[in-house]
Each structure stands twice: as structure tokens, then as C-alpha cells.
Protein chains: 2
Amino acid sequence: MTKEGLQSDTTRDRVLSTSAGLFCQHGYAGVSMRKIAESCDMKAGSLYYHFSSKDQILTEVLNMGIEKVHAAVAAALRESSVDVSASDRFRHAIAGHLHALLEYSSFTSANVRIFRQVPPSVQHSTLEVRRRYEALWDGFLGDLKSQGQLRNDVDIRSFRLMLIGALNATLEWFDPELGDITELANRYADMLANGIFAERCT
Amino acid sequence: MTKEGLQSDTTRDRVLSTSAGLFCQHGYAGVSMRKIAESCDMKAGSLYYHFSSKDQILTEVLNMGIEKVHAAVAAALRESSVDVSASDRFRHAIAGHLHALLEYSSFTSANVRIFRQVPPSVQHSTLEVRRRYEALWDGFLGDLKSQGQLRNDVDIRSFRLMLIGALNATLEWFDPELGDITELANRYADMLANGIFAERCT
DNA sequence: GTCTATACCGGGATAGAC
DNA sequence: GTCTATCCCGGTATAGAC
């Protein structure tokens, strides 16, 4: 890799990270190439040396967000596969999601907040990455169920949708500077695994 | 109320309902007064007879969304206060939220999707309505807890945030044309009240 | 690799005719 | 109550100098 290649990469990365923050704060249409450039101490025209369009920047931002979370959950499951109880693996997977979600929040909350308002072509180019992440959870939850760890009447897809929805919503109120993410994960895992009622009921 | 007053109200309502759909689909900045007008078979200038600005339209849309959900949950709690088990009241409250959320989805998903990307002045003017809704849930959950219906180690604010996050996320995938909202509510209420694990664990 | 300059389009809001 | 016309600003993207 050449020197020019490396330098180009770091400028690219700075643009992507800055854009992510702007997209999640102002929405797709609320972010202009001029504003992205200004936040990077550049001029708008220069961005087109690195990216062919605003939509290309957006696509890369969205995919990076999902990939960060996917990698964190996959690692959590890999590192706790033997000699670990089902509830601990569940807890670790949730902690992986929340840590990546809240620590790369510019990239991840761009996904959560603006996915439905970006052009269909951009939505389409992130679908595969999204499906792979859903499949990771469905696989894990399916394993738990076939081991008899889950109640038989729990539908895995419904639960996965509820779980990811609940976790992603923490972006709207949790501040990693003020609270402990691991503790948050433990609370959520406990409520989701055991429920909140004193007595289980039908 | 005069005839003119009534006619003005229906035009206002048409504009609000159309705008809600556009805002939740395209985001705050992605919706122009010209597009709102076009979707209402009007011209942009005419909108300013009914509203003083784009932000005023947005503010009314956001508040209407929360108020619809608030009213539905309040009604569900009112109608099931006597002779109804705690888990049934819980179920009914969740059903109230989901029914209003998904049936007035233009107004409600404008809230869920774009609240963080609207101008701070608009955010501010919806805060009171949002707080009142949170207080409704905190009151109900606090009652359940003081009656001993909830586990002692469950934190009400954490659970309320998790609950509302999980419910609101259904906007992103549930289609009321294809599925039964009451059944969805029952599934969610069951998973949240009882947990998903076969055996409760620490 | 970044700049300036520019083409072309569309934004919110207002004024005043009808 | 709705229209047209207009003001002024800012959008994406390109061309070509440096």
C-alpha cells in the first residue's frame, strides 16, 4: 500500500466519521455536502475526490454501523461458548450489542434513526448486512431453544425483533459518559430472561 | 363556530395528516412546504393561511401523535381498574399503546423517527406532552410494584424505557394489514411479564 | 488532493391579486 | 381561502486551476 493510499484512507475515515455524526443528528436531507466539508475543514468540491456522491458516503456509514455491532456480538458468542451457562451467554451477547451500539453511536444511530428516510437504492445496499446480523441472533436463540433453555411458546423472530428494538432504543436516552454499559446490559438481560412480574402467570 | 371555521378545520386536518406521513417517510429536512402543498392539491403559499411556518405544522403533528397514544393507554387503564388481574391490566395497557401507535402511525412514527432531528425549539414544545405520557406509565408500574406484583429488584424507569422502546420499534416492521395487533400485544406482554427463559435464574 | 467558480435546481417565506 | 410572482438562500455536482 502506498503512502498516498494510506493518507487517502485516513481522510476518507475522517469524512465518514464526521458524516455519521451529522446524519444521525440532522437526518438524510438535513446534511449537505457543504456541511460535511465544513465539519472536516474542507470545501465541498474536495469530497468528490474521495466519494462519488452523498449516497455513497451514507451507504458506507450505514454498513459500518451494523458491522461493528455484528462483530461485537459474534465475538461475545465465540468467547463464551464452552462452560458458560445459557443465561450468561445471553447476557454477554446483549452486552456486546450495547457496547458497540453506544460506543460507535454515530454510525449505529444513523442506522436506527434514518434508515427509513434514505433513498431506496441506499436501503437496498445495506439489506444484506442487516440480514446477516438478524441471522446471527436467530441462530443463537434457536440453539438456546433446541437445548430447552427457552420456553416452548416463545417465538424466536418476535423475540428477536423485540430485543433489538429495545436495545437500539437505548441510543435515545443512555449516555455512556454517565452510566455503565455493562450494568445496563445486565439489567436488560435480567428483565428479558426472567420477566418483571413477581409470579409467572398466563 | 362558523361555517368558515369548520371548513378551515378540515383543511388544517388534511394538511396535518398529509404532513405527518411525509415527515415520517422523508425526515424533517426532506419535506418541503411545496411537497406538502402538492400532496394536498394546493400551492405552497396557501399553507401560510393555515400555519405560520413549517415548524408549526411539525409541532402539531408530533403532539397529536403522543396524545393519541396517551389517550389510548389512559383509556385502557381506566376501563380495567376493578376486578382485573395485574397481568391483564398490563396486557391492556400494552395493547392500547400498540393500537394507537400502529393505527395513527403517520403521527406516531413521526415522533419515533425524527424527534432528534427537528429544531430544538420544536423538541422543546413537545417535551411536556412526552413527560406526561412517561408519567402515566411510571404511575401504573409504580402501583403494580407497591402491590407486590413486580419483582423488587426491577427498576421502573429502566423497564419503562425498555418497554416503550420495544413497543415503538414495532413501527419499523409490523404491518397492521397483515397481522393482528391484539395478538402482537399479547405476545409482547407475555414475554415482558414472564421472560423467555424456561427456568428463572439469577 | 484540494481549491474556486459555476450550472442548475429547489428551499422557506412574503406580497398582493382575485 | 387560494393563487401567482418573487426574494434570497442553499442544495448536488462538475470543470479545471494549482
**Q** In this structure, how many angstroms lie between the P atom of dG1(D) and the CZ atom of R14(B), rounded?
**A**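 In whole Å, dG1(D) P and R14(B) CZ are 13 Å from each other.
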
**Q** Grab the CG-C1' distance between L47(A) and dG1(C) for me, whole Å please.
**A**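 Distance, rounded to whole Å: 12 Å.
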
**Q** Output the rounded distance in Å from OH (Y48(B)) to P (dA5(D)).
**A**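 Taking atom P of dA5(D) as the reference, OH of Y48(B) is at 18 Å.
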
**Q** To the side chain of R34(A), which of dT4(D), dG10(D), dT2(D) is closest?
**A**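 Among the listed nucleotides, the one closest to the side chain of R34(A) is dG10(D).
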
**Q** Would you tabulate the side-chain donor-acceptor contacts of residues 62-83 of chain B under 3.5 Å, counting partners in other chains and residues two or more places apart, or write 'none'?
**A**
residue, atom, partner, partner atom, Å
S80(B), OG, A76(B), O, 2.9
S81(B), OG, R78(B), O, 3.4

**Q** What is the distance, rounded to the nearest whole Å, between atom CE of M33(A) and atom P of dA7(C)?
**A**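 Those two atoms, CE and P, are 20 Å apart.
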
**Q** Where the side chain of Y49(A) is defined as all heavy atoms beyond and including C-beta, which of dG1(C), dA13(C), dC3(D) is the nearest nucleotide?
**A**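 My answer, after comparing the listed nucleotides, is dG1(C).
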
**Q** Can you tell me the distance, in whole Å, between the NE2 atom of H26(A) and the P atom of dG11(C)?
**A**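 Rounded to whole Å, this separation is 20 Å.
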
**Q** Rounded to whole angstroms, how far apart are OH on Y28(B) and C1' on dG11(C)?
**A**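 Atom OH in Y28(B) sits about 11 Å away from atom C1' in dG11(C).
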
**Q** Take the protein atom CG of L58(B) and the nucleotide atom P of dG11(C), then report the distance between them rounded to whole Å.
**A**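 The distance from CG of L58(B) to P of dG11(C) comes to 17 Å, rounded to the nearest Å.
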
**Q** Does S32(A) have a side-chain nitrogen or oxygen under 4.0 Å from the phosphate oxygens OP1 or OP2 of dG10(D)?
**A**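 For S32(A), the contact criterion (side-chain N or O under 4.0 Å from OP1 or OP2 of dG10(D)) is not met.
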
**Q** Any idea which of dT2(D), dT2(C), dG11(D) is nearest the S46(A) side chain?
**A**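 Output: dT2(C).
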
**Q** Both A29(A) and A44(A) contact DNA chain D. Which one's nearest nucleotide lies toward the 5' end?
**A**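 Nearer the 5' end of the strand: A29(A).
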
**Q** Can any side-chain N or O of K35(B) pair as donor or acceptor with the backbone N or O of L22(B) at less than 3.5 Å?
**A**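 No.
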
**Q** Decide if the gap between the ring center of Y104(B) and the ring center of H99(B) is smaller than 6.0 angstrom.
**A**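 That pair fails the under 6.0 Å test.
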
**Q** Can you check the F51(B) CZ to dG1(D) P distance for me, whole Å?
**A**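 Those two atoms, CZ and P, are 13 Å apart.
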
**Q** Output all residues satisfying side chain to side chain donor-acceptor pair (under 3.5 Å) with R34(B), sequence neighbours left out; order by chain, then residue number.
**A**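 So R34(B) forms no side chain to side chain donor-acceptor pair (under 3.5 Å) with any residue.
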
**Q** Side chain of H50(A) only, heavy atoms from C-beta on: which candidate in dA13(D), dG11(C), dG1(C) is closest?
**A**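 In terms of side-chain proximity for H50(A), the closest of dA13(D), dG11(C), dG1(C) is dG1(C).
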
**Q** If you check the K43(A) side chain, which of dC3(C), dG12(C), dG11(C) turns out closest?
**A**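 The answer is dC3(C).
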
**Q** Taking the six-membered ring of Y49(A) (Phe, Tyr or Trp), confirm whether the NZ or CZ of R12(A) is under 6.0 Å from its centre and within 45° of its axis.
**A**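 Judged by the rule (NZ or CZ under 6.0 Å from the ring centre, within 45° of its axis), R12(A) is not positioned above Y49(A).
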
**Q** Axis-to-axis angle across the helix from dG1(C)-dC18(D) to dC18(C)-dG1(D), five pairs an end, to 10 degrees?
**A**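 Nearest ten degrees gives 10° for this helix.
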
**Q** Any base atoms under 4.0 Å from K54(A), or only sugar-phosphate, or nothing? Heavy atoms, all strands.
**A**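 Sugar-phosphate: the residue K54(A), judged by heavy atoms under 4.0 Å, touches backbone atoms but no base.
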
**Q** Could you please name the option among dT2(C), dG1(D), dT4(D) that lies closest to any side-chain atom of M42(A)?
**A**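 Taking heavy atoms from C-beta onward, the closest nucleotide is dT2(C).
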
**Q** Centre of F115(B)'s six-membered ring, under 6.0 Å away, within 45 degrees of the axis: is that where NZ or CZ of R130(B) sits?
**A**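 Judged by the rule, R130(B) and F115(B) form a cation-pi pair.
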
**Q** Could you check whether K54(A) makes a cation-pi contact with Y48(A), meaning its NZ or CZ is under 6.0 Å from the centre of the six-membered ring and within 45° of the ring axis?
**A**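 Because its charged atom misses either the 6.0 Å distance or the 45° angle limit, K54(A) does not stack over Y48(A).
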
